[in-house]
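Input: a single structure, listed below in structure tokens.
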Amino acid sequence: MKQYEFDIIAQDEKHILFIEVKTRRAIPGIKNPYGRPARSVIGKKSEFLLRGVQIFLHEHKNKYNGLSPRIDVVEIYASPYCENFKPLFLNHIKNAVRKKS
């Protein structure tokens with residue numbers, strides 16, 4: 001059973017970062033039928049990520065003391081006109097998923 005699935009786990013001076021990477025073959029600024037890549041990280045997916053953070057931190061409780069958890073989303077827009085993957089634009093959304101208060 002999967003407990004958590006993160007594309008990237010990193011850290012800086014203040015945070016343990018859980019980063020979800022979402023890609024769309026689209027041109028930024030032009031309406032896309034699937035919406036922005038970050039839109040796919042709402043609802044159940046955000047709840048799944050938040051639960052995954054809890055599990056990860058519980059399993060590694062002594063390793064990341066003093067660091068605040070943060071879930072970021074990186075949106076990658078790739079050219080719809082290229083057969084091969086060609087990134088056009090990258091958007092880093094810090095603290096994109098937060099626990100509901």
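Here the structure is a predicted model, which is why all the values come from computation and not from measurement. The residues of the chain are indexed from 1 along the displayed sequence.
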Does any part of the side chain of Leu17, heavy atoms only, come nearer than 4.5 Å to the side chain of Ile8, both counted from C-beta? no
Only counting residues at least two apart or in another chain, list the ones meeting side-chain contact (heavy atoms from CB on, under 4.5 Å) with Ile42. Arg39
Heavy-atom side-chain proximity of Val74 to Leu90 below 4.5 angstrom: yes
Test side-chain hydrogen bond (donor to acceptor under 3.5 Å, both in side chains) applied to His92 - qualifying residues, sequence neighbours left out: Asp72
Can you sort out the partners of Glu20 under salt bridge (charged side-chain N to carboxylate O under 4.0 Å, His left out), two or more places apart, ordered by chain and number? Lys22, Lys45
Can you name the side-chain hydrogen bond (donor to acceptor under 3.5 Å, both in side chains) partners of Gln54, sequence neighbours left out? Arg51
So Ile19 and Val73, do their side chains get closer than 4.5 Å, heavy atoms only? no
Between Val41 and Phe48, is there a side-chain heavy-atom distance shorter than 4.5 Å? no
Let me see the working for Phe6 and Val53 under side chain to side chain contact (heavy atoms under 4.5 Å, CB included), right down to the final yes or no. CA-CA 9 Å; Phe6 301 103; Val53 167; 3.9 Å; yes
Just by distance, do the side chain of His60 and the backbone of Phe56 share a donor-acceptor pair under 3.5 Å? yes
Minimal heavy-atom distance between Ile9 and Phe18, with the atoms involved, is CG1-CD2, 4.0 Å
Would you check if His15 and Asp12 make a side-chain contact, meaning some heavy-atom pair closer than 4.5 Å? yes
Between the CD atom in Glu13 and the CG atom in Leu67, the distance rounded to the nearest 0.5 Å is 9.5 Å
Can you name the residues that form a side-chain contact (heavy atoms from CB on, under 4.5 Å) with Asn91, not counting sequence neighbours? Arg36, Glu75, Phe89, Ile93
Can you tell if the side chain of Leu57 reaches within under 4.5 Å of the side chain of Pro69, non-hydrogen atoms only? yes
Side chains of Gln11 and Tyr64 in contact at under 4.5 Å (non-hydrogen atoms): yes
Those residues that, when tested against Asp7, pass side-chain hydrogen bond (donor to acceptor under 3.5 Å, both in side chains) (two or more places apart): none
